[in-house]
Amino acid sequence: MWLAAIQLVSGRQWQDNREEIAAQLAALPAGRPLLALLPENFALFGERQGYLDGAEAIGDGPIQAQLAEWAREHGIWLVAGAMPTTIPGSDHIHTSSLVFDPAGELRGHYHKIHLFDVDVADNHGRYRESETFSPGASPVVLGSPFGPLGLSICYDLRFPELYRQLARAGARVLLVPAAFTAVTGEAHWEPLLRARAIENQCYVVAANQGGTHETGRQTWGHSMVIDPWGRVLACRDSGCGTVLAQMDEQLVAELKRTMPVMEHARLL
């Protein structure tokens, strides 16, 4: 079993981003069970109107059709890190993670729960996702050959209670697509990811945006795969590319047997 995190420097236009994603997927090793995670805003990285215009209904639209085709073509589990999806009857949208199996079937989706409404000391300064997006309401764990997958998106990473819920629901692999800023990423990205892996005894696959975008925003990159002991198995600093690591299917069970922290937890 192999886990891959695809790092991009996405722009405003789906057509341009699609070409880069296709190239990264084509370079993946063939003939092995593989899960590939795309970052947040893989399809569209821009401003509010661009997200509103590009949003698709869950299960429909050209972006999702392409994702399904890629999953079938490469015979992989493909997790569309986060893309804008419509909310019937609302002027807001969700940012959603979608999971496709090797047959190209949409196996499930997750709407980002925690919205990034913060001020950051970078050239963008003010982030208010709630002006465009509505939060999701429910954690999501989906079955897969890699073990149950716990879904999350970017700012969710700062809320350990979400990941504990995912782990208690059986997650063995935690997925973290992101567009972490350069400022917050340099300070907190890796420590938070390793903590989520260690405290929940899960693999973590984290795919981040990694460079300077058309909008002028700067993202941190450092996409990585981390094992349940907190070891970084693979990492890419910046720019477009893919990190790949093999999954030890017995490690999670072994750690849970020898260090049963979930059983010892007293504050639930």
Side-chain angles (χ1 to χ4, degrees), residues 1-9 20-21 23-40 42 70-71 74-82 97 99-102 141-154 156-157 163 166-167 170-180 185 188-210 219-256 258-259:
M1 298 285 187
W2 290 81
L3 304 171
I6 296 176
Q7 185 163 289
L8 303 171
V9 187
E20 180 59 40
I21 297 167
Q24 295 298 331
L25 292 174
L28 291 173
R32 62 184 71 179
L34 190 146
L35 179 148
L37 174 66
L38 296 170
E40 186 179 27
F42 67 90
W70 279 330
H74 298 290
I76 61 174
W77 284 73
L78 180 60
V79 183
S97 185
V99 180
F100 294 85
D101 68 16
V141 175
L142 295 174
S144 83
F146 306 86
L149 307 175
L151 306 186
S152 68
I153 300 171
C154 200
D156 284 335
L157 183 59
Y163 295 89
L166 296 173
R172 293 294 181 268
V173 180
L174 302 174
L175 302 177
V176 189
F180 245 66
H188 300 147
W189 173 248
E190 184 175 333
L192 288 171
L193 290 170
R194 294 181 70 188
R196 299 296 87 87
I198 294 165
E199 68 198 7
N200 296 297
Q201 298 177 314
C202 291
Y203 278 89
V204 169
V205 184
N208 199 19
Q209 295 280 350
T219 47
W220 177 239
H222 293 79
S223 297
M224 59 183 70
V225 178
I226 303 170
D227 79 5
W229 194 246
R231 293 170 291 212
V232 176
L233 303 180
C235 178
R236 181 180 181 87
D237 290 351
S238 62
C240 297
T242 298
V243 297
L244 185 68
Q246 190 167 14
M247 180 181 183
D248 180 348
E249 299 171 60
Q250 304 305 316
L251 181 57
V252 172
E254 178 65 13
L255 286 176
K256 289 181 179 297
T258 58
M259 191 180 293

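- Considering every non-hydrogen atom in both Pro39 and Ala178, the closest pair reads CB-O, 3.7 Å.
- Within the 3.5 Å criterion, the main-chain N or O of Gly230 finds a donor-acceptor partner in the side chain of Arg194.
- The main-chain N or O of Glu249 is never found under 3.5 Å from a side-chain atom of Tyr203 such that the two would form a donor-acceptor pair.
- With a 4.5 Å cut-off on side-chain heavy atoms, Gln246 and Arg32 do not count as touching.
- A heavy-atom distance below 4.5 Å is found between the side chains of Leu28 and Leu34.
- Looking at Ile6, Val9, Leu8 one by one, the single match for side-chain contact (heavy atoms from CB on, under 4.5 Å) with Glu20 turns out to be Leu8.
- Side-chain atoms of Pro29 and Leu244, non-hydrogen and from C-beta on, do get closer than 4.5 Å to each other.
- Within the 4.5 Å cutoff, the side chain of Trp2 has no heavy atoms near those of the Val225 side chain.
- Nearest approach of Ala80 to Leu38, heavy atoms of both residues: CA-CD1, 4.3 Å.
- For the pair Ala179 and Cys154, the tightest heavy-atom approach, listed with the atom from each and the gap, is N-SG, 3.4 Å.
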Legend entry - Leu157 vs Tyr163, side chain to side chain contact (heavy atoms under 4.5 Å, CB included): CA-CA, chis, key distance, verdict: CA-CA 8 Å; Leu157 183 59; Tyr163 295 89; 4.1 Å; yes

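- Using a distance-only test at 3.5 Å, with no hydrogens or angles considered, a donor-acceptor pair links the side chain of Ser223 to the main chain of Asn208.
- Between Leu3 and Leu233, the closest side-chain pair of non-hydrogen atoms is not below 4.5 Å.
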Inset, instruction - Kindly determine whether Val173 and Met247 satisfy side chain to side chain contact (heavy atoms under 4.5 Å, CB included), including the steps that lead there. - result: CA-CA 10 Å; Val173 180; Met247 180 181 183; 3.7 Å; yes

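- Checking side-chain atoms of Trp189 against main-chain N and O of His222 turns up a donor-acceptor pair under 3.5 Å.
- You'll find the side chain of Val205 stays beyond 4.5 Å of the side chain of Val79, heavy atoms only.
- Rounded to the nearest 0.5 Å, atoms CG (Leu25) and CH2 (Trp70) are 6.0 Å apart.
- A heavy-atom distance below 4.5 Å is not found between the side chains of Asp227 and Asp248.
- Counting only distance, with no hydrogens or angles, the side chain of Thr219 and the backbone of Phe180 share no donor-acceptor pair below 3.5 Å.
- Counting only heavy atoms from C-beta outward, the side chains of Val176 and Arg196 never approach each other to under 4.5 Å.
- Remark: side-chain polar atoms of Arg236 are paired, donor with acceptor, to backbone N or O of Cys240 under 3.5 angstrom.
- Listed for the Gln209 side chain is a donor-acceptor partner under 3.5 Å among the backbone atoms of Glu40.
- Put simply, SG on Cys202 and CD1 on Ile226 are 12.0 Å apart, with the number rounded to the nearest 0.5 Å.
- For the atom pair CG (Leu151) and OG (Ser97), the distance works out to 5.0 Å, reported to the nearest 0.5 Å.
- In plain terms, the two heavy atoms of Pro102 and Trp77 that are nearest each other are CD-NE1, 3.3 Å.
- The two residues Asn200 and Lys256 come nearest to each other via the heavy atoms O-NZ, 3.7 Å.
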Inset, instruction - Show your working on side chain to side chain contact (heavy atoms under 4.5 Å, CB included) between Gln7 and Val243 and close with a plain yes or no. - result: CA-CA 8 Å; Gln7 185 163 289; Val243 297; over 6 Å; no

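- The minimum heavy-atom distance between Ala234 and Ala245, with the atom names listed, is CB-CB, 4.5 Å.
- The structure places CG of Leu255 at 11.5 Å from CD of Gln250, a figure rounded to the nearest 0.5 Å.
- Checked by atom type and distance alone, the side chain of Glu190 never pairs as donor or acceptor with a backbone atom of Val232 at under 3.5 Å.
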